[in-house]
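See below for the structure under consideration.
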Amino acid sequence: MNSKIVLGQNQYGKAEVRVVKITRDTARHEIEDLNVTSQLRGDFAAAHLAGDNSHLVATDTQKNTIYAFAREGIGSPEAFLLRLGEHFVSSFDWVSGGRWEADSYRWDRIQAHGAAHDHSFVRSGQEVRTAVLVRDGADRHLISGLKDLTVLKSTESGFAGYPRDKYTTLPETTDRILATDVSARWRFTTGTDFSSLDFNRSYGDVKALLLEAFTEKYSHALQQTLFDMGAKVLEAHSEIDEIKFSMPNKHHFLVDLSPFGLDNPNEVFFAADRPYGLIEATVQREDAEPAEAAWSGIAGFC
Ligand SMILES: O=c1[nH]c(=O)c2[nH]c(=O)[nH]c2[nH]1
């Protein structure tokens with residue numbers, strides 16, 4: 001019981017810095033809208049152990065840096081995080097790495113009088129784009145992703161062939177609704193030359209592939225559909241090594257309309273919000289180098 005007490009892993013920074021950048025070089029404005037978190041790792045022992053703050057780049061300074069860098073443009077969440085990480089690691093000797101994260105909200109131009117407006121926007125509700133950069137010295141792990149992408153197919157899905165025991169009541173079905181909120185995070189191969197990637201194009205392509213795969217085949221289970229979605233992304237993008245998913249199975253239960261003398265041929269459903277099935281998996285290249293450090297701190301995936 002007399003073991004020495006020491007400082008373990010630590011990181012610190014400013015969380016959820018909301019930054020909106022308007023590019024207004026012309027009358028046709030552009031908007032970028034991010035929620036950015038910056039966390040530094042390195043030698044901060046003296047601050048924790050001795051009240052010596054000489055290494056503590058203030059969280060307030062980290063916040064200001066985010067706003068100052070936004071003045072030069074954001075471009076993509078990934079490119080923005082790469083710039084921030086480079087800045088902190090190269091500016092302070094004792095900062096050996098860190099973790100930078102951004103959620104990105106999309107705005108579309110308002111269609112007014114038959115044209116896309118120059119400076120009026122409507123928040124696009126489809127999904128939130130995500131990005132995480134973890135730096136350990138010169139090593140950079142980059143993970144792009146999305147969350148809250150709600151999709152549904154009204155047929156071509158079933159669930160049958162599962163084991164039955166004394167607690168099983170679920171009837172088998174070959175025609176049900178399949179609905180989920182896709183959360184997906186995909187990791188670029190460590191060592192990729194990130195400067196050669198067009199992150200906005202890559203993001204749009206991955207999202208399109210995920211949606212296409214969801215539509216394509218009869219689904220025997222959300223597990224199968226998840227795997228197909230991941231495989232389609234990895235087949236098309238050699239620069240991505242693995243993709244993790246967390247997807248609720250948003251159950252839609254057929255309502256019994258017989259008390260009202262009505263049939264219900266798969267037309268009227270009760271959309272339950274809880275409980276929900278929760279299906280999680282990683283789809284990866286067999287020979288991918290594991291990158292546990294990149295994933296730690298990303299909650300809700302396995
Ligand atoms: O796609 C599904 N996967 C399951 O594991 C499962 N379990 C369940 O009750 N319904 C479903 N649906």
Side-chain angles (χ1 to χ4, degrees), residues 125-130 143-187 203 205-237 240-259 262-286 288 290 292 295-296 298-302:
Q126 266 198 6
E127 85 278 6
V128 174
R129 178 173 166 182
T130 65
I143 297 173
S144 294
L146 53 76
K147 60 186 177 187
D148 302 331
L149 181 64
T150 303
V151 290
L152 179 152
K153 57 202 280 187
S154 53
T155 187
E156 288 293 292
S157 158
F159 190 62
Y162 47 87
R164 304 199 80 86
D165 68 6
K166 65 181 180 178
Y167 301 115
T168 306
T169 57
L170 185 73
E172 298 198 344
T173 174
T174 54
D175 191 3
R176 65 173 184 174
I177 286 180
L178 185 65
T180 187
D181 304 321
V182 181
S183 284
R185 304 254 190 176
W186 51 96
R187 184 175 61 79
Y203 176 81
D205 194 52
V206 170
K207 179 183 164 189
L209 292 168
L210 292 171
L211 291 174
E212 265 172 33
F214 180 78
T215 69
E216 264 164 12
K217 280 200 326 213
Y218 178 87
S219 170
H220 291 274
L222 186 51
Q223 285 90 333
Q224 180 193 30
T225 302
L226 176 159
F227 186 84
D228 288 346
M229 292 166 75
K232 195 169 173 93
V233 170
L234 295 183
E235 277 158 16
H237 285 268
I240 297 173
D241 253 2
E242 58 179 329
I243 176 165
K244 288 182 185 282
F245 293 93
S246 178
M247 306 210 285
N249 187 1
K250 301 174 70 160
H251 304 302
H252 288 66
F253 296 112
L254 204 61
V255 179
D256 178 9
L257 298 178
S258 61
L262 298 171
D263 66 355
N264 189 358
N266 260 350
E267 297 209 355
V268 179
F269 295 85
F270 163 56
D273 66 342
R274 65 191 76 169
Y276 47 89
L278 184 57
I279 312 301
E280 300 182 332
T282 304
V283 185
Q284 61 192 73
R285 297 188 194 285
E286 194 176 18
E292 290 305 320
W295 293 104
S296 82
I298 300 184
F301 291 89
C302 72

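Side-chain atoms are counted along with the backbone in the values below, which use heavy atoms only and exclude waters and symmetry mates. Whatever order the structure lists them in is the order used to number ligands and atoms, beginning at 1.
Nearest protein heavy-atom neighbour of atom 3 (N) of ligand 1: Gln223 OE1, 2.9 Å. Summary of contacts: the protein heavy atom closest to atom 6 (C) of ligand 1 is Phe159 CZ, 3.2 Å. For atom 9 (O) of ligand 1, the closest non-hydrogen atom of the protein is Leu170 CD2, 3.5 Å.
Close approach of ligand 1 to Ala221 (heavy-atom distance below 4.0 Å) involves ligand atoms 1 (O). Of all atoms in ligand 1, listed by their number and element, those nearer than 4.0 Å to a heavy atom of Asn249 are 1 (O), 2 (C), 11 (C), 12 (N).
Listed by chain and residue number, Lys147, Ser246, Phe301 satisfy the side-chain contact (heavy atoms from CB on, under 4.5 Å) test with Ser183 (two or more places apart in sequence, or in another chain). With sequence neighbours left out, the side-chain contact (heavy atoms from CB on, under 4.5 Å) criterion links Pro265 to Asp263, Glu267.
A donor-acceptor pair is defined here as one N or O able to donate and one able to accept, closer than 3.5 Å; such a pair exists between the side chain of Arg285 and the backbone of Leu234.
Ring geometry, His220 versus Tyr218: the interplanar angle exceeds 60°, so the pair is classed perpendicular (tilted spans 30 to 60°).
Taking all atoms of both residues into account, the shortest heavy-atom contact from Val283 to Phe245 is CG2-CE1, 4.1 Å.
Neither the backbone nor the side chain of Leu178 has any atom closer than 4.0 Å to an atom of ligand 1 (non-hydrogen atoms only). Only the side chain of Arg176 comes within contact range of ligand 1, with a heavy atom under 4.0 Å; no backbone atom does.
Inspection of the Asp165 and Thr168 side chains reveals an N or O donor paired with an N or O acceptor under 3.5 Å.
Residue Leu222 has at least one nitrogen or oxygen atom sitting less than 3.5 Å from a nitrogen or oxygen atom of ligand 1, judged on distance alone.
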